[in-house]
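These numbers come from the heavy atoms of this one structure, side chains and all, not from hydrogens, waters or symmetry mates. In what follows, chains are A, B, ... by sequence order, proteins preceding strands, each numbered from 1.
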Amino acid sequence: MIRKATAKDLDKINLLGETLHHNFKQLFNIQKEIDNSFAIVLINEDNKEINAFLYALDFSDNIDLLSIVVESEYRNKGIAFNLIKYLMNEYCLTKSITLEVAVNNFNALSLYRRLNFKVVNVRKGYYHGVDALLMRWEMKDIYILAIESSCDETSIAIVKNGTTVEAMTILSQMDTHANYGGVVPEIASRMHTENITLVLDETLKKTNINIVDVDAIAVTYKPGLLGSLLVGIEFAKTLAYVYKKPLIKVNHLIGHIYANAIDNKLEFPLLALVVSGGHTELVVMQDHYNFKLLGATLDDAIGEAYDKVARVLNIPYPGGPGIEKKALEGKDTYKLPRPVLDETYNFSYSGLKSQIINIVHNAKQRNELIREADLACSFQQAAVDELVRKLGLALQNTGIKNVIVAGGVSANKYLRQEIKKVSEEYNAKLNIPDFIYCTDNAAMIGAAAYPIYLKKDFADFSLNAESHANIC
Amino acid sequence: MKTLFIDTHFRDILIVLYEDGKVVDKCEVINKKNNSEFIFPSILKVIDGKKINQIIVVTGPGSFTGVRLGVTIAKTFAYTLNIPIKTITALECLAVSSEHKKVAIDDENGYYIGYFGPNNNLLEPYRYVDKETFAKINVDNEIVTNIKYNLEAIYNFVDKYKVEEICHLVKPIYVKKIGVEND
């Protein structure tokens with residue numbers, strides 16, 4: 001059995017190390033390295049006896065394999081092979097592994113060659129006059145074809161290694177739904193069925209990568225409009241079957257978070273601010289797919305508040321961008337009182353929305369004119385202030401230095417600007433996706449599918465849609 | 001030549017595999033409420049790794065979601081395997097399966113009705129009527145609903161009268177209006 005080493009394993013590791021180097025204990029100082037976050041110390045044990053260890057350093061995009069020792073009577077049993085395989089599988093978000101090996105160490109050379117390590121350089125006389133070969137193993141590029149159809153956008157993308165968008169098509173139905181003042185679920189589903197093969201055709205035209213070459217098919221399965229989700233899911237199953245690819249199910253909200261992994265590397269721990277039509281949440285991520293909720297809205301989501309206020313102000317669908325535009329022409333003259341000024345990380349937007357409704361209602365009764373642009377501006381400032389204040393509180397209390405923003409509302413320019421300010425104030429590194437990846441798109445689904453692909457957590461052909469879901 | 005026939009126009013799922021017009025395998029799933037879980041596995045059971053040369057899909061009318069998923073799968077198969085796709089409506093299936101040429105499909109609230117000529121040519125556009133209207137127009141019980149599919153007759157009809165369609169353009173027929181269309 002292979003596992004991470006603990007302090008208890010030290011004596012045995014040092015004993016094994018001495019077979020490699022007489023001064024191993026002082027030279028490598030494994031005792032300190034076990035607690036070091038970027039050191040990897042793995043041991044293999046059979047019948048509770050440690051018989052091999054592996055020691056490597058993780059430089060984020062490369063792992064340097066420093067030593068690997070198997071007790072003499074346990075050699076030629078594949079233990080070293082399995083230790084390196086374990087390293088590749090468990091730490092393979094890392095792109096490559098490098099190592100040095102003496103040119104006359106034939107057993108080791110043959111092992112590394114079997115594991116697909118390639119010689120990249122020679123170090124003359126590195127081991128007391130014997131040349132060392134510098135070898136490197138590189139993870140193969142992983143291409144995921146991703147499908148998003150949870151609401152009113154039919155989107156397909158091909159994403160490399162969870163970060164590079166090779167091709168993407170987004171077919172928005174917004175113009176159709178604008179005729180009805182909002183998304184009509186049945187019409188959304190119909191349009192997905194009509195367009196989905198065309199969207200695939202269009203996407204494939206944009207790249208040299210064929211579906212035959214992709215490694216997996218990913219699809220949004222929750223949350224969203226059931227009828228719309230199902231079209232994407234059945235389409236994805238058909239592709240997965242025809243091309244014999246594994247199927248990956250992706251949570252749309254986690255997709256929005258992973259929009260931040262596009263052309264960017266997520267650095268943990270991080271604070272994720274999720275702002276959309278259905279969600280307003282502050283989440284801590286310690287690692288990939290490790291989410292802890294700090295706070296959430298107690299009533300309306302911020303995007304919902306934008307839409308409802310837009311309706312009151314007669315701003316046509318979609319309301320969010322409408323308010324943002326209107327607010328540019330106005331000033332914060334209404335001085336709306338701020339929502340609950342508590343010290344939790346929760347949000348509240350229904351009170352703010354009610355105030356706007358009251359203001360408009362009262363003005364109507366008194367036959368007064370509403371300064372719509374000013375009211376839109378006042379609302380936007382109050383709404384964003386609340387987000388920024390809570391984010392600031394979280395940055396202060398957690399000491400976390402990485403911030404990402406996710407969800408449709410992150411396309412709002414005022415919100416982007418204010419979040420940038422507060423992140424700078426706390427010296428935190430901020431990432432907000434490009435505008436195109438803020439709203440619904442398949443690239444973010446491909447990015448979110450990548451860690452699932454590496455864990456080989458695949459879905460089967462009975463996959464079904466779910467209308468509701470949370471991040472954690 | 002192997003033809004895959006997909007019919008998900010109602011709660012029931014019917015998947016048939018034809019070899020040169022003869023039924024060689026089929027899978028029926030009766031009345032499962034949540035049929036999206038069962039459609040694809042049912043298709044896989046029937047295909048069973050075989051190479052398919054043609055698709056026939058029932059485009060409705062019936063359950064909006066049911067027929068949509070069948071059509072989505074069918075056109076995706078046609079597109080990815082680059083094989084011909086032909087369509088038939090559920091009402092045509094009934095008409096070609098029997099001597100009755102006034103046929104209907106019922107759902108919870110009413111009936112989809114189709115009137116056909118002796119050669120199964122459609123005489124007037126399909127319509128959807130509520131139960132009360134149906135009772136009025138069907139006083140002499142001329143319109144028949146409970147017709148069992150004659151699978152080989154269906155295949156022969158499609159083979160003889162239907163042309164291959166462009167897969168991207170295949171879509172369900174809904175007939176029944178939805179809320180926003182009535183406003």
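- Looking only at atom types and distance, the side chain of A:Asp152 has no donor-acceptor partner in the side chain of A:His192 under 3.5 Å away.
- In terms of heavy-atom pairs under 4.5 angstrom with chain A, the leader among B:Val170, B:Leu44, B:Leu81 is B:Leu44.
- For A:Val231, the parts lying under 4.5 angstrom from a heavy atom of chain B are both the backbone and the side chain.
- Only the side chain of B:Lys171 comes within less than 4.5 Å of a heavy atom in chain A; its backbone stays farther off.
- Looking at A:Ile233, neither its backbone nor its side chain comes within 4.5 Å of chain B, counting heavy atoms on both sides.
- Taking the six-membered ring for Trp, B:Phe10 and B:Tyr112 have ring centres at least 6.0 Å apart.
- At a 4.5 Å heavy-atom cutoff, the contact between B:Phe77 and chain A is made by backbone and side-chain atoms alike.
- Between the side chains of A:Asp201 and B:Tyr79, at least one donor-acceptor pair of N or O atoms lies under 3.5 Å.
- Contacts of A:Tyr180 with chain B are made by side-chain atoms alone, with heavy-atom separations under 4.5 Å and no backbone atom involved.
- Residue B:Leu169 does not touch chain A at all, counting heavy-atom pairs closer than 4.5 Å.
- Just one of B:Val96, B:Leu94, B:Leu91 meets the side-chain contact (heavy atoms from CB on, under 4.5 Å) condition when paired with B:Phe116; it is B:Leu91.
- A:Thr197 and B:His168 share a donor-acceptor pair across their side chains, judged by distance under 3.5 Å alone.
- Heavy-atom pairs under 4.5 Å with chain B peak, among A:Leu239, A:Leu226, A:Leu198, at A:Leu198.
- Contact of the B:Thr59 side chain with the B:Ile173 side chain is registered, since non-hydrogen atoms from C-beta on lie closer than 4.5 Å.
- In this model, a donor atom of one side chain and an acceptor atom of the other lie less than 3.5 Å apart for A:Ser462 and A:Asp460.
- With a 4.5 Å cut-off on non-hydrogen atoms, A:Asn179 does not touch chain B at all.
- Contacts between B:Thr65 and chain A at a heavy-atom distance below 4.5 Å involve the side chain alone, from C-beta outward.
- Of the atoms belonging to A:Ile196, it is side-chain heavy atoms, and not backbone ones, that fall under 4.5 Å from chain B.
- When heavy atoms are compared at a cutoff of 4.5 Å, A:Leu229 does not approach chain B at all.
- When the shell of 6.0 Å around NZ of B:Lys160 is examined, it contains 12 or fewer heavy atoms from other residues, nucleotides or ligands.
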